[in-house]
Asker: 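Just passing along the structure, written as structure tokens.
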Amino acid sequence: MAEDTSEGYGVLWRLMRPVNGYIFTAMALSALGAIATICTLLMLSLVVAVLLEGTEGLSFLGLSWSVSSALIGVAAAGTLAFVLTAVAFGVSHLGAFELEEILRSRLSVHLARVPLGFIISSGTGALKKVMLEDVRNLHVFVADSTPMIGRAYTAPLVTGVLLFVIDWRLALVAVGVLMIGMTTMSIAMRDSRAMQRRYEQAQAQISAAVIEFIQAMAVVRTFDDGTSTFKRYNRALERFRKGLLDWMAASGTAARISMTVLAPLPTWLAVLAAGIWLVEAGSLSLPALIAALFVSTGMADALMPVMWLNNFLRRSKAAANRIEELLAVPTMHAVDRGPRPQQPSIRFERVSFRYENRDDDALSEVSFDVEAGTTTALVGPSGAGKSTVAKLLPRFWDVTGGAITIDGVDIRDMTNEDLMNTVTFVFQDTFLFHDSIANNIRMARPDATDEMVVAAAKAAQIHDFILTLPQGYDSQAGDRGARLSGGQRQRITIARAILRDAPIVVLDEATAFADPESEEAIIKAVAQLTLNKTVIAIAHRLSTITHVDQILVFDAGRLVERGRHDALVAGGGLYARLWSNYGAARGWHLHARLDAREGDHG
């Protein structure tokens with residue numbers, strides 16, 4: 001366990017290494033501020049001692065002090081303490097913001113190079129937690145905790161040294177109170193790591209239950225009165241409450257005792273009692289007692305932040321571990337320079353692929369050719385592997401066996417830019433950024449002129465609609481395109497692909513979820529997109545592929561049939577069965593079922 005903790009802290013400090021200059025400067029300034037604060041208390045004690053003694057001055061630590069000189073010392077030391085502390089936190093916050101920028105930039109660049117499969121399997125929630133919450137935790141640690149560390153470890157040490165200089169007996173009294181408080185605190189914290197893990201797991205379960213309840217609100221309102229879904233949230237909340245109560249029951253008493261003992265008052269009372277006894281015995285002067293009383297509280301008081309820092313350290317260490325794990329995910333092989341294909345012809349050569357954490361192959365020994373300028377449709381039952389084939393071509397994943405080539409060039413030997421300029425993918429699930437419609441289209445080619453953007457929109461059958469918006473092309477699409485209908489979002493993404501003008505188009509069924517009004521416009525937009533291009537289309541509506549150049553039929557990850565529509569139907573194989581089922585499904589109408597019911601009642 002100690003090794004794990006040491007390694008965890010090693011990861012934390014390794015991630016913060018780029019801003020070590022800020023961190024150590026903030027710690028040093030904060031430590032100097034703590035010393036200045038102690039000096040302020042010491043000077044103040046001299047003022048009180050001089051006033052109580054009723055003399056013009058006194059000698060302390062080998063120096064003569066008057067009220068005026070002590071007051072000047074209080075003002076100077078207090079001002080210095082304030083300035084040093086303020087500058088320390090300013091420096092630490094500068095370092096925190098720089099670290100946040102560095103880590104988010106590293107994570108963004110890294111995620112852009114990891115396989116898309118990892119991002120899909122991890123889920124957006126987990127990645128969001130790392131990029132936002134975990135990075136923010138490190139920001140908070142650098143900004144607020146590092147100056148506290150400098151102060152928390154300097155103040156007790158300097159206070160202890162001063163107390164021993166003033167009177168070693170009073171120093172031992174203060175240290176004794178401190179040891180009692182630390183002993184009870186260690187008892188309170190003995191199971192803190194296990195309890196902390198349970199606490200964090202319960203928090204995560206509550207978050208998951210809340211997210212599920214909100215995201216599934218439409219389903220909940222349709223099929224459930226909220227009882228079952230709310231019950232899951234309530235169970236998670238109950239586990240959290242029980243874990244928190246168990247933690248408080250196990251450590252609450254000891255924690256309260258330690259917090260009481262480590263407060264400034266017990267130390268002050270103990271030193272006061274011992275000091276009065278020593279003064280009455282004639283072995284301690286009153287100025288020395290007053291100085292000890294002012295200084296002694298700093299020892300326990302400065303140690304309190306150390307207790308809270310342990311929680312900050314644990315959270316920061318856990319955040320650092322998650323960031324490190326994400327940065328350690330292997331990236332896809334990338335080249336800076338590579339050959340460029342001259343023709344948009346495609347070859348899958350004995351391609352096999354297996355998803356991460358799966359025992360079976362999604363594709364097995366798949367081989368086929370797609371000639372330049374032709375259209376190939378991918379057909380098969382759900383889970384047959386057609387979507388996998390389509391997503392391997394733009395290299396969302398790398399094949400686990402075999403090779404994919406474009407004009408004889410392995411796509412793994414192409415630069416990312418060349419591959420993106422060669423292959424464009426139109427998703428069935430559209431995504432628009434919270435930006436203007438023009439910028440959403442221009443994303444495909446940042447240097448495109450306004451005229452080129454308009455031309456792409458016209459080809460995608462969306463130009464007329466955009467002009468009806470209050471701000472035209474400058475209108476905001478909303479978060480994930482929420483201000484637009486599904487068909488409108490689809491045509492904007494097609495306009496983006498048209499602007500890219502890649503010679504190879506990988507097309508998911510664009511009209512699968514389109515409303516009747518949008519379907520005709522989308523079909524025209526797709527026709528413009530695929531004009532004179534090499535097209536690989538995932539086919540859901542078989543009626544749209546009866547005239548394509550080639551149909552590839554997949555089943556259980558294997559290519560089982562290939563050919564044109566008429567030949568495949570005549571062959572009586574899997575495609576013929578799919579075509580028959582598709583025809584039967586198209587023949588089903590709601591009014592037919594209603595007529596049947598009316599006949600039964602009659």
Asker: For a 4.5 angstrom cut-off between non-hydrogen side-chain atoms, does Ile23 reach Ile149?
Answerer: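 SC-SC contact between Ile23 and Ile149 ruled out.
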
Asker: Taking atom CZ of Arg322 and atom CG of Leu127, what is their separation to the nearest 0.5 Å?
Answerer: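 The CG atom of Leu127 is 12.5 Å from CZ of Arg322, to the nearest 0.5 Å.
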
Asker: What are the two closest non-hydrogen atoms of Glu98 and Tyr22, and how far apart are they?
Answerer: OE1-OH, 3.1 Å

Asker: Is there a side-chain contact between Leu326 and Leu111 (heavy atoms, below 4.5 Å)?
Answerer: yes

Asker: With a 4.5 Å cut-off on side-chain heavy atoms, are Arg14 and Glu324 touching?
Answerer: yes

Asker: Got a donor-acceptor contact below 3.5 angstrom from the Thr159 side chain to the Pro156 backbone?
Answerer: no

Asker: With rounding to the nearest 0.5 Å, note down the distance linking CG in Leu284 to CH2 in Trp277.
Answerer: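 If I round to the nearest 0.5 Å, the distance is 11.0 Å.
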
Asker: What distance separates Leu29 CG from Thr85 OG1, expressed to the nearest 0.5 Å?
Answerer: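 Those atoms lie 9.0 Å apart.
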
Asker: Would you mind reporting whether Trp268 and Leu293 have side-chain heavy atoms less than 4.5 Å apart?
Answerer: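 The answer is yes, as the side chains (C-beta and beyond) meet within the 4.5 Å cut-off.
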
Asker: Yes or no on side-chain contact (heavy atoms from CB on, under 4.5 Å) for Val135 and Val130, after CA distance, side-chain angles and deciding distance?
Answerer: CA-CA 6 Å; Val135 172; Val130 174; 5.6 Å; no

Asker: Write down the atom of Leu42, the atom of Ala291, and the distance for their closest heavy-atom approach.
Answerer: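 Shortest heavy-atom separation between Leu42 and Ala291 comes out as CD1-CB, 4.1 Å.
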
Asker: Keeping the roles fixed (side chain from Asn440, backbone from Phe433), state whether a donor-acceptor pair exists under 3.5 Å.
Answerer: yes

Asker: Work out which heavy atom in Arg412 is nearest to a heavy atom in Val399; give both atom names and the distance.
Answerer: NH1-CG2, 3.7 Å

Asker: Does a sphere of radius 6.0 Å around CG in Asp336 hold more than 12 heavy atoms from other residues, nucleotides or ligands, not counting ones at 6.0 Å or beyond?
Answerer: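 For Asp336, atom CG is not crowded (no more than 12 foreign heavy atoms under 6.0 Å).
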
Asker: Under 3.5 Å, is there a donor-acceptor pair linking the side chains of Ser283 and Arg169?
Answerer: yes

Asker: CZ/Arg315 to CG/Leu138 distance, rounded to the nearest 0.5 angstrom?
Answerer: 11.0 Å

Asker: Do the side chain of Thr154 and the main chain of Ala31 share a donor and acceptor less than 3.5 angstrom apart?
Answerer: no

Asker: Given Leu15 and Leu327, is the side-chain contact (heavy atoms from CB on, under 4.5 Å) satisfied, shown in steps?
Answerer: CA-CA 11 Å; Leu15 286 177; Leu327 290 173; 4.2 Å; yes

Asker: Between Phe353 and Tyr355, does the ring-ring contact (aromatic ring centres under 6.0 Å, His included) criterion hold? Intermediate values first, please.
Answerer: CA-CA 7 Å; Phe353 176 74; Tyr355 289 102; 4.8 Å; yes

Asker: If you round to the nearest 0.5 Å, how far is CD1 of Ile437 from CD of Gln471?
Answerer: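 Spacing of CD (Gln471) from CD1 (Ile437) equals 10.0 Å.
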
Asker: So, do Met27 and Tyr153 sit near enough that their side-chain heavy atoms are less than 4.5 Å apart?
Answerer: no

Asker: Quick check against the 3.5 Å criterion: does His139 have a side-chain atom that pairs as donor or acceptor with the backbone of Asp134?
Answerer: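 No, the answer is negative, given that no donor and acceptor are paired below the 3.5 Å cut-off.
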
Asker: What are the two closest heavy atoms between Val271 and Leu289, and how far apart are they?
Answerer: O-CD1, 4.1 Å

Asker: Please name the pair of heavy atoms, one in Arg496 and one in Ala444, separated by the smallest distance, quoted to 0.1 Å.
Answerer: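 Heavy atoms of Arg496 and Ala444 come nearest at O-CB, 3.0 Å.
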
Asker: Would a 4.5 Å heavy-atom cut-off, applied to side chains only, mark Lys317 and Val11 as touching?
Answerer: no

Asker: Do other residues, nucleotides or ligands put more than 12 heavy atoms under 6.0 Å from Arg354 CZ?
Answerer: yes

Asker: Take Arg136 and Met131 through the test side-chain contact (heavy atoms from CB on, under 4.5 Å) and record every step on the way to the result.
Answerer: CA-CA 8 Å; Arg136 186 166 58 244; Met131 294 195 69; over 6 Å; no

Asker: Just do the salt bridge (Lys or Arg N to Asp or Glu O under 4.0 Å) check on Lys128 and Glu133 with the steps written out, would you?
Answerer: CA-CA 7 Å; Lys128 174 189 172 185; Glu133 297 179 21; 5.9 Å; no

Asker: Less than 4.5 Å apart, any side-chain heavy atom of Trp168 and any of Leu163?
Answerer: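 Side chain of Trp168 against side chain of Leu163, heavy atoms only: no contact under 4.5 Å found.
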
Asker: Between Thr40 and Gly78, is there a donor-acceptor pair closer than 3.5 Å when you use the side chain of the first and the backbone of the second?
Answerer: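 Side chain of Thr40 to backbone of Gly78: a pair is present.
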
Asker: Would Asn416 and Arg395 satisfy side-chain contact (heavy atoms from CB on, under 4.5 Å), going step by step from the backbone distance to the final call?
Answerer: CA-CA 9 Å; Asn416 289 334; Arg395 212 178 164 206; 4.2 Å; yes

Asker: Looking at Leu172 and Phe164, what are the two nearest heavy atoms and their distance?
Answerer: CD2-CZ, 4.1 Å

Asker: As an exercise, state the distance from SG of Cys39 to CG of Leu44, rounded to the nearest 0.5 Å.
Answerer: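 These two atoms lie 12.5 Å from each other.
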
Asker: Side-chain contact, heavy-atom cut-off 4.5 Å: Ser436 with Gln476?
Answerer: yes

Asker: Spell out, as yes or no, whether a donor-acceptor pair under 3.5 Å connects the side chain of Ser108 to the backbone of Arg104.
Answerer: yes

